[in-house]
There are 2 protein chains.
Amino acid sequence: MATTRQRPAGDTATRILDVAERLVQSRGFNGFSYADIAAELEITTASLHYHFPGKGELGRALIGRYAARFSDALDVIDDELPDALAKLVAYGNLYAAVLREKRLCLCGMLAAEYHTLPEGMREAVLAFFDTNEKWLAHVLREGREAGALRFGGTPEGAARMIVGGLEGAMLVARPYDDVARFEEVVQQLLGGLTINV
Amino acid sequence: MATTRQRPAGDTATRILDVAERLVQSRGFNGFSYADIAAELEITTASLHYHFPGKGELGRALIGRYAARFSDALDVIDDELPDALAKLVAYGNLYAAVLREKRLCLCGMLAAEYHTLPEGMREAVLAFFDTNEKWLAHVLREGREAGALRFGGTPEGAARMIVGGLEGAMLVARPYDDVARFEEVVQQLLGGLTINV
DNA sequence: GTCTATAGGCAGATAGAC
DNA sequence: GTCTATCTGCCTATAGAC
């Protein structure tokens, strides 16, 4: 108990990012305003502009934090799970956890709004997908070489199918408020890659 | 040449829908305004409100027209193509045609913004997905019974994988402005359903 | 049907006091 | 760091003339 703490956890900038992140993932970047964040944190919009001068800066910070967190999760999966299929299942669970909070993947949402995003956010969205596809392609290649996975085409192609499949499954499942619908698709998707179909 | 025709095709309501449809599919429902449509058609926003009292009414009309057009396309596929795999390929081509115009599926875009949509639009979005999944499930079931397709799980589950996979592949491919990326995923996705993998 | 004019609200953003 | 106060612009929408 070194620091005197206000109601919610973290410093102001962190709390702003937390609220903004949830708003973007549930309503979209064009579906919320500084006023929404301010009201929830009981501060003024002027204070928000002190921490993040403009909405574009806030958006870039959001993607940066989200991508770093995701990247850490991939490292943990690599460290803790040996075989390829288990890694893919764990990867799918990352998405399922987001959907359970009635959110979309941050970058999936931003991909939909891509052409309206401020400069700087767009490149960050692409970098997120690039990182994910690269990680998946590596897992898929090793899995196929080890005889644990079977698929036609390149590992990169299969990686893009998985990213697209998971993003799309979230997109469609969320309006139904039905996580089972998502998990069913994941099973179908990964089942097509296992050796014993 | 019965009717005297202005510059663009169709009556005013149709032209409004055409422009609005493109704007929603490229920028999102929260990413355009009546002013955008008015400027493009060189009329005033007041005229827009004459044809569509509010943005919600416009949105509902957009989904209705889009769903009807899509449904017609499915009927054509049923009439013209006999075997299941050909139908699935044709189905994928419907999406590819949209992506080629740098758009998302109208209802895919609206699914992302789902929780910000006016009442009345949400149900229409769900109905669109329901229709598509039902059609796909029928094709998949018949294809499997005829020995043309092979997949684990239920036809409904496989149908949801296809809808999610196509929607997500579009979502991710569009920022890269790369239709080949989309087509690659479609091939991978449908390839997993054919008998000769 | 389309216009001018305008209402009323909310958006992102800034200056300057404390 | 957070506030009050304010600006400018855009948003959806309406009244009423033509």
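Letters A, B, ... are given to chains in the order of the sequence lines, protein chains preceding strands, and every chain is numbered from 1.
- Within the structure, salt bridge (Lys or Arg N to Asp or Glu O under 4.0 Å) pairs that include any residue of residues 21-39 of chain B comprise E21(B)-R65(B), E21(B)-R69(B), E21(B)-R103(B), R22(B)-E40(B) (at least two apart or interchain).
- Contact annotation: S47(A) side-chain N/O to dG1(D) OP1/OP2 distance is not under 4.0 Å.
- Under the 30°/60° scheme for interplanar angles, the aromatic rings of F70(B) and Y95(B) are found to stand perpendicular.
- With rounding to whole Å, L48(B) atom CG is found 10 Å from dT2(C) atom P.
- The stretch residues 25-35 of chain A comes close to DNA chain C through F32(A), S33(A), Y34(A), A35(A), each having a heavy atom under 4.0 Å from the strand.
- At distances below 3.5 Å, not a single donor-acceptor pair connects side-chain atoms of N93(B) with backbone N or O atoms of A96(B).
- Atom pair D36(B):CG and dC11(D):P shows a separation of 6 Å (rounding to whole Å applied).
- Panel note: side chain E142(A), backbone A84(A); no donor-acceptor pair is recorded below 3.5 Å.
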* Asked: When you look at Y114(B) and D177(A), which way does the side chain to side chain donor-acceptor pair (under 3.5 Å) test go after all the steps?
  -> CA-CA 11 Å; Y114(B) 191 77; D177(A) 197 12; over 6 Å; no

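- Taking atom CZ of F52(B) as the reference point, atom P of dT12(D) lies 15 Å away to the nearest angstrom.
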For nucleotides 5-7 of chain D, which of its nitrogen or oxygen atoms have a protein nitrogen or oxygen under 3.5 Å away, and what is each distance?
none

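- Using a 4.0 Å cut-off between charged nitrogen and carboxylate oxygen, R100(A) and E183(A) count as a salt-bridge pair.
- Across S26(A) and R174(A), no two heavy atoms sit closer than the pair O-NH1, 3.1 Å.
- An OP1 or OP2 oxygen of dT2(C) is reached within less than 4.0 angstrom by a side-chain nitrogen or oxygen of H51(B).
- Regarding I37(B), its CD1 atom lies at a distance of 14 Å from the P atom of dT2(C), rounded to whole Å.
- Between the side chain of R122(A) and the backbone N or O of L117(A), at least one donor-acceptor pair lies under 3.5 Å.
- Between the P atom of dG1(D) and the OH atom of Y50(A) lies a distance of 4 Å, rounded to the nearest Å.
- Spacing between atom CD of E57(B) and atom C1' of dA13(D) amounts to 11 Å, rounded to whole angstrom units.
- Between I43(B) and P53(A), the one whose closest nucleotide on DNA chain C sits nearer the 5' end is I43(B).
- Listed for the E123(B) side chain is a donor-acceptor partner under 3.5 Å among the backbone atoms of G120(B).
- Distance NZ (K55(B)) to P (dA13(D)): 9 Å, rounded to an integer number of Å.
- Between the CZ atom of R15(A) and the P atom of dT2(D) there is a distance of 7 Å, rounded to whole Å.
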